[in-house]
Amino acid sequence: MVSNDQAWRRLPGAPARAETLPAWARRLAGPLPRTTALMLELDAAHRTGDRLDPALRARMRGAAADANHCTYAKAAAEADLRRADATDAKILPEPERLAVAFARQLTEDAAAVTDEEVARLVELHGDATVVAMVALVAHACFQDRMLLALDPSVEPDGPPPPIAAHFPHTRSPAGPPPTTAVPVLATGPNLGPTDPAWRAKSFADLQAGLEWQRERPARVRIPDWKEVDARVGPDSWVRRWPRVVWGRVCYAHQPDVTDLWFDTVDAFRQESGMDRLLQQDIFWVVTRALDCFY
C-alpha cells in the first residue's frame, strides 16, 4: 500500500490538489491506476447526488455491507449516515423500511426477490428510484467482494468521504472483441465440472427456461429506444447494444451511473489484459452461484 500522495499522483488526470483516498484505492493505484480512478468516481456517484435520499442510500449500503460481512463498507456507510445528519433509527417509515429490507435480500439471495416485493417498491418510490436502488446494491456487492479480498484496515478516523474529482474516460473503440489465443486443454478424466448440479439441466431445459423468462411481465417499465436515445450522449455504451433490454432499462432510468459502470469495466479490461476466456469462465461461476438466468 502506497501513501495517499503517491497513490493520488498515479491516478491518470488527477488534479494537482490531492484528496484523501480510501485504503483500498491506495492499494490498487499501483497495479491498476486507471481502473482505480474510475472505481473512485463510481463509488462517489453512488454515495452522492439526488438519485436517492442520502440517509436512505447510506442505510441500504449498510444493509448490503452487513449481509456481506464487510467491515470496511459498514464503516463507510455509517460515516455517510452521520454526514447525512441522520441516526440509525430503529423504526423507519414503510418506504424506507422496505427499501432497506430489499437491499439485504437482494444481497443475500437476489433470485428469491418476488414480483410483488418489487411492485410495492415501485408503487412507493417509482421506476427510476427502484433502478437506482438496484444499481446501488449491485455496486455494493461488487465493491464488498473487492474489499473482502483485499481486506484493507479501516482508517483511524474512519473511511474518508467520497472524492469530488473526475478522471478521463478513455473508451475502447467499438468493434469485435480482441482475439484470444486458443488455450491448451489439459488431458485427463476431469475436463469439465463434475458436480451433478452443473450437469443436471440439458440444453433443452436451458432453452425452455429462457423462453419462460422472455414471456414474463417486466417488473419495471421497459422504455423504447427513442426515450433512451434522448437521455444518453453520442458515445454512450448503450448505443453499441441497443437491443439489450436490461441496458435500455438502466440507461432510461439511471444513465449516468450505468455509463460510469461500463467505463470502469472497460478500463479494467484494457489495463489488466486478462484473458477473455478466463473472464467468461469467472463470470459463469458467479452467475451460477447467484442463480441468475441471464
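Just so it is clear, the values below take in all heavy atoms, side chains as well, and ignore hydrogens, waters and symmetry mates. Count residues from 1 along the sequence.
Under the 4.5 Å side-chain heavy-atom criterion for ILVMFWY residues, no single connected hydrophobic cluster contains both Val134 and Leu42. In this structure, Val131 is a member of the same hydrophobic cluster as Met60, with clusters built from ILVMFWY side-chain heavy atoms closer than 4.5 Å. Phe268 and Leu148 fall into different hydrophobic clusters, defined by Ile, Leu, Val, Met, Phe, Trp and Tyr side-chain heavy atoms under 4.5 Å apart, directly or through other members. Follow the hydrophobic side-chain contacts under 4.5 Å out from Val228 and you reach Val244 in the same cluster. Residues Val2 and Val154 are members of separate hydrophobic clusters, defined by side-chain heavy-atom contacts under 4.5 angstrom among Ile, Leu, Val, Met, Phe, Trp and Tyr.
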Exercise for the section: Test Asp53 against Arg57 for salt bridge (Lys or Arg N to Asp or Glu O under 4.0 Å), laying out the working first. Expected result: CA-CA 6 Å; Asp53 173 78; Arg57 69 179 172 233; over 6 Å; no
Practice task
For the pair Asp275 and Gln279, evaluate side-chain hydrogen bond (donor to acceptor under 3.5 Å, both in side chains) and give the outcome as yes or no after the intermediate values.
Solution key: CA-CA 6 Å; Asp275 183 274; Gln279 287 186 44; over 6 Å; no
Practice task
Could you please spell out the steps behind the side-chain contact (heavy atoms from CB on, under 4.5 Å) verdict for Val100 and Leu56?
Solution key: CA-CA 8 Å; Val100 174; Leu56 176 59; 4.2 Å; yes
Handout entry: Stepwise salt bridge (Lys or Arg N to Asp or Glu O under 4.0 Å) check, Arg61 with Asp144
Key = CA-CA 10 Å; Arg61 183 65 182 92; Asp144 286 353; 2.6 Å; yes
Practice task
Show your reasoning for whether side-chain contact (heavy atoms from CB on, under 4.5 Å) applies to Thr114 and Val118.
Solution key: CA-CA 7 Å; Thr114 67; Val118 177; over 6 Å; no
Practice task
Could you walk me through whether Met39 and Trp24 pass the side-chain contact (heavy atoms from CB on, under 4.5 Å) test, one step at a time?
Solution key: CA-CA 10 Å; Met39 286 170 63; Trp24 60 262; 3.8 Å; yes
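Shortest non-hydrogen contact noted between Asn4 and Glu19 is ND2-O, 2.9 Å. The shortest non-hydrogen separation linking Leu124 to Pro95 is CD1-CA, 3.9 Å. Summarising the geometry of Pro152 relative to Leu147, their closest heavy-atom pair is CD-O, 3.4 Å, with the distance given to 0.1 Å. Ala29 and Thr36 make their closest contact through N-OG1, 3.6 Å (heavy atoms, listed as atom of the first residue, atom of the second, distance).
Looking at Arg231 and Gln254, their side chains never bring a donor and an acceptor atom within 3.5 Å of each other. In the model, Asp109 has no side-chain atom that pairs as donor or acceptor with a side-chain atom of Gln105 under 3.5 Å.
Note that CZ of Arg34 and CG of Leu28 are 15.0 Å apart. Values are rounded to the nearest 0.5 Å.
Electrostatic pairing of Glu116 and Arg120 does not count as a salt bridge here, judged by no charged N lying under 4.0 Å from a carboxylate O. Here Arg83 pairs with Asp80 in a salt bridge; the nearest charged N to carboxylate O distance falls below 4.0 Å. No salt bridge links Arg248 with Glu227; every basic N to acidic carboxylate O contact stays at or beyond 4.0 Å.
At distances below 3.5 Å, not a single donor-acceptor pair connects side-chain atoms of Glu215 with backbone N or O atoms of Trp212. Within the 3.5 Å criterion, the main-chain N or O of Lys226 finds a donor-acceptor partner in the side chain of Asp224. Panel note: side chain Arg145, backbone Cys141; a donor-acceptor pair is recorded below 3.5 Å. With hydrogens and angles ignored, the 3.5 Å screen pairs a side-chain donor or acceptor of Arg239 with a backbone N or O of Gly233. Within the 3.5 Å criterion, the main-chain N or O of Leu21 finds no donor-acceptor partner in the side chain of Arg26.
For Phe262 and Trp241, the ring centers sit closer than 6.0 Å to each other. Ring-centre distance between Phe142 and Trp261: below the 6.0 Å cut-off.
Counting only residues at least two apart or on different chains, the ring-ring contact (aromatic ring centres under 6.0 Å, His included) pairs with a member in residues 36-63 are His46-His139. Within the structure, the salt bridge (charged side-chain N to carboxylate O under 4.0 Å, His left out) test picks out the following pairs touching residues 146-172 (sequence neighbours left out): Arg171-Asp235, Arg171-Asp259, Arg171-Asp263.
Looking at residues two or more places apart in sequence or on another chain, you find a side chain to side chain donor-acceptor pair (under 3.5 Å) between Asp115 and Arg216, Arg219.
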